[in-house]
2 protein chains.
Amino acid sequence: MSTPSSPTRGRPARIDRTRTVEAALDLLDESGLDALTMRRLADALGVQVGALYRYFATKQDLLTAMAERMAGGAADAAGPPGDGDWSERAARLARALRTALLAHRDGARVFAGTHATGPNTLGFSDSLVGVLREAGFGDGEAARALYAVTHFTVGHTLEEQAALRPGDGGTPEAGALREAVAAGTYPHLAATLPVLTSTDFAAHFEFGLRLLLDGLRAVRG
Amino acid sequence: MSTPSSPTRGRPARIDRTRTVEAALDLLDESGLDALTMRRLADALGVQVGALYRYFATKQDLLTAMAERMAGGAADAAGPPGDGDWSERAARLARALRTALLAHRDGARVFAGTHATGPNTLGFSDSLVGVLREAGFGDGEAARALYAVTHFTVGHTLEEQAALRPGDGGTPEAGALREAVAAGTYPHLAATLPVLTSTDFAAHFEFGLRLLLDGLRAVRG
DNA sequence: ACCTGAACACCGTTCAAGT
DNA sequence: ACCTGAACACCGTTCAAGT
């Protein structure tokens, strides 16, 4: 498939999967997902475009490998058993996922657009499900809680990184929001505008995470 | 900008914003987001590609108009005040958003990739924040709850539509998941595999939504 | 075995020119 | 005013041929 054979025959390879994923993440950080093209990546690696297809079947395959790489270490955030109660350990895992996505420009977009099934991604899921099962949650509850926490975290971080994109003044569409709210008749949006346009994304994230964990507490037993 | 002037001078226009968005949604349903190109859309409308740029500044602008269109009607799902308690009304809004996204192929991807600020989108937000404020939640809580519910719903539906993509047998990466879990050592994923690979997405959604609403109940007062 | 060179079949966007 | 025709500067992917 996309992995060359083991013994080094002929000239040593100039690139490999690991180096290519690293270069792709660097390019992502510098220029963003829209500018991450196979040609530009090949340039950065000093090879021709076609060479990339010996290591990745498609660009989607490369993006999946990037997502898997980004998730590295997140599984360890739970800490050893006994280090905090189940809700604190679960919260650490969710925060670690958000942090991992924030660590790369458009990280959430890459993650949301792929379906990595490598050890980093599976390890994270196993960790979170494990914390809940060991806390006494049923298998169904633990599995569904994993999805709820993951989907919220990815959804949140997608918005967080989108809001921070344009780069210069304030939030991007906070302007459009203010304008529309001022003109139209959205009384509740008008009343909550300061919070809605706040850029304290950590506070937004912690609020949603707390809802999910409080909800889990209510569902338990 | 992208809106032609009002009085009909010269020949009547062959296309307009509304017709174009409708054709784009049809094309989306038939072929998916990856196949939705400006050229194919122009073909479907019987014009040349360049003509589209008289109505939409960029493809992103078109996608935003599509997202806004998809959100139509979702704001009304709360029903009249008094029709159910706050949590039931909020749940109806969240379900209406999921349903609106599911109504179009790749609907969640379109919605997640844009930032519509039209009346449908703002009306939905105003509705949900309104339900919570009228139930006695503070402005900050109501605004942040809007984000939590919306991000969870979009994140969930993104996964739901991604899982249903390939189309033929079972879930797409359920196979990859089973395989990896069988080979590797993920005891908690192995134990919960039946639920993790379940395609009852409505149940997954309802569970996460319940966590958020139970969490809100716990936070109130 | 690994990479190059070159092609194939496309893209989004712009803009002079026609009607 | 609205649309066409044609171009510009790219894309992802494939594959014979070189080394």
Side-chain angles (χ1 to χ4, degrees), chain A residues 1-24 27-28 30-67 106 109-110 113-114 165, chain B residues 1-24 27-28 30-67 106 109-110 113-114 165:
Chain A
M1 302 291 161
S2 46
T3 315
S5 52
S6 333
T8 302
R9 301 260 295 165
R11 260 170 303 313
R14 296 220 278 266
I15 58 175
D16 58 31
R17 269 199 146 234
T18 305
R19 270 200 61 211
T20 304
V21 168
E22 275 167 15
L27 196 52
L28 183 71
E30 282 163 28
S31 319
L33 183 56
D34 294 337
L36 176 64
T37 70
M38 298 300 267
R39 277 167 221 269
R40 279 205 251 246
L41 177 57
D43 278 357
L45 287 162
V47 297
Q48 299 295 317
V49 220
L52 297 177
Y53 289 85
R54 201 158 289 274
Y55 300 90
F56 301 92
T58 62
K59 185 181 182 182
Q60 188 64 22
D61 185 19
L62 168 68
L63 290 168
T64 301
M66 292 168 67
D106 293 330
R109 260 172 87 197
V110 171
T114 56
R165 260 330 87 228
Chain B
M1 298 294 161
S2 46
T3 314
S5 51
S6 332
T8 302
R9 302 258 296 163
R11 260 169 303 312
R14 296 219 280 266
I15 58 174
D16 57 31
R17 268 199 148 235
T18 304
R19 270 200 62 211
T20 303
V21 168
E22 275 167 16
L27 196 51
L28 183 70
E30 283 164 26
S31 319
L33 183 55
D34 293 337
L36 177 63
T37 70
M38 297 300 267
R39 277 166 221 268
R40 279 205 250 247
L41 178 56
D43 278 358
L45 287 162
V47 297
Q48 300 294 317
V49 220
L52 298 177
Y53 289 86
R54 201 157 291 273
Y55 300 90
F56 301 92
T58 61
K59 185 181 182 182
Q60 187 65 22
D61 185 19
L62 167 68
L63 290 168
T64 301
M66 291 167 68
D106 292 331
R109 259 172 85 195
V110 171
T114 55
R165 263 328 89 224

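The chains referred to below are lettered A, B, ... by the order of the sequence lines, with proteins before strands, and numbering in each begins at 1.
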Colleague: Whole angstrom is fine here: how far is it from CG in A:Leu52 over to P in D:dC15?
Modeller: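 Rounding to the nearest Å, CG of A:Leu52 and P of D:dC15 are 17 Å apart.
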
Colleague: Nearest-Å distance, CG (B:Leu62) to C1' (C:dT13)?
Modeller: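 That distance rounds to 14 Å.
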
Colleague: What is the distance, to the nearest angstrom, from the NZ atom on A:Lys59 to the P atom on D:dT13?
Modeller: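 Those two atoms, NZ and P, are 8 Å apart.
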
Colleague: Which sits closer to the 5' end of DNA chain D, B:Arg39 or B:Arg14, going by the nucleotide each is nearest to?
Modeller: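 Upstream on the strand: B:Arg14.
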
Colleague: With rounding to the nearest 0.5 Å, note down the distance linking CD1 in A:Ile15 to OG1 in A:Thr20.
Modeller: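 Reported to 0.5 Å precision, the distance equals 4.0 Å.
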
Colleague: Looking at the side chain of A:Ala13, which of C:dC3, D:dT14, C:dT14 is the nearest nucleotide?
Modeller: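 Side chain of A:Ala13 sits closest to C:dC3.
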
Colleague: Provide the distance between the two C1' atoms, one in C:dA17 and one in D:dC2, to the nearest whole Å.
Modeller: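 Roughly 13 Å separates the two C1' atoms.
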
Colleague: How do A:Arg40 and A:Ala51 order along DNA chain D: which one's closest nucleotide is nearer the 5' end?
Modeller: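 It is A:Arg40 whose nearest nucleotide is closer to the 5' end.
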
Colleague: For B:Asp61 and B:Tyr55, work out which heavy atoms get closest and say how close.
Modeller: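 It is OD2-O, 4.4 Å.
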
Colleague: Listed in order of residue number, which residues of residues 42-50 of chain A have a non-hydrogen atom at under 4.0 Å from DNA chain D?
Modeller: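 Listed by number, they are A:Val49, A:Gly50.
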
Colleague: Please state the C1' separation for the pair C:dC11 and D:dA7 - nearest whole angstrom.
Modeller: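 Each nucleotide's C1' atom is 14 Å from the other's.
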
Colleague: Can any side-chain N or O of A:Arg19 pair as donor or acceptor with the backbone N or O of A:Arg14 at less than 3.5 Å?
Modeller: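 At least one qualifying donor-acceptor pair exists.
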
Colleague: Take atom C1' in D:dA9 and the same atom in C:dC10, then report the distance between them in whole Å.
Modeller: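 The answer is 13 Å between these two C1' atoms.
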
Colleague: Nearest whole Å is fine: how far is D:dC2 P from B:Tyr55 OH?
Modeller: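 The answer, rounded to whole Å, is 5 Å.
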
Colleague: Once side-chain hydrogen bond (donor to acceptor under 3.5 Å, both in side chains) is applied, do any residues pair with A:Glu22, and if so which ones, sequence neighbours excluded?
Modeller: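 Expected list: A:Arg69.
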
Colleague: Can you tell me how far NZ of B:Lys59 sits from OG1 of B:Thr37, rounded to the nearest 0.5 angstrom?
Modeller: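 If I round to the nearest 0.5 Å, the distance is 6.5 Å.
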
Colleague: Looking at the side chain of B:Thr37, which of C:dC2, C:dC11, D:dG12 is the nearest nucleotide?
Modeller: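 Closest nucleotide among those given: C:dC11.
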
Colleague: Strictly by Watson-Crick or wobble contacts shorter than 3.5 Å, is anything paired with D:dA1, and which nucleotide is it?
Modeller: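 Across all strands, the one nucleotide that pairs with D:dA1 is C:dT19.
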
Colleague: Select one nucleotide: of D:dC2, C:dC3, D:dT4, the one nearest the side-chain heavy atoms of B:Arg54.
Modeller: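 Between D:dC2, C:dC3, D:dT4, the one nearest the side chain of B:Arg54 would be D:dC2.
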
Colleague: Name the pairing partner of D:dT13, where a pair is Watson-Crick or G-U wobble with both distances under 3.5 Å, or state none.
Modeller: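 Across all strands, the one nucleotide that pairs with D:dT13 is C:dA7.
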
Colleague: About how many Å separate CG of A:Leu33 and CE of A:Met66, when rounded to the nearest 0.5 Å?
Modeller: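 Answer for the CE-CG pair, A:Met66 versus A:Leu33, is 7.5 Å.
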
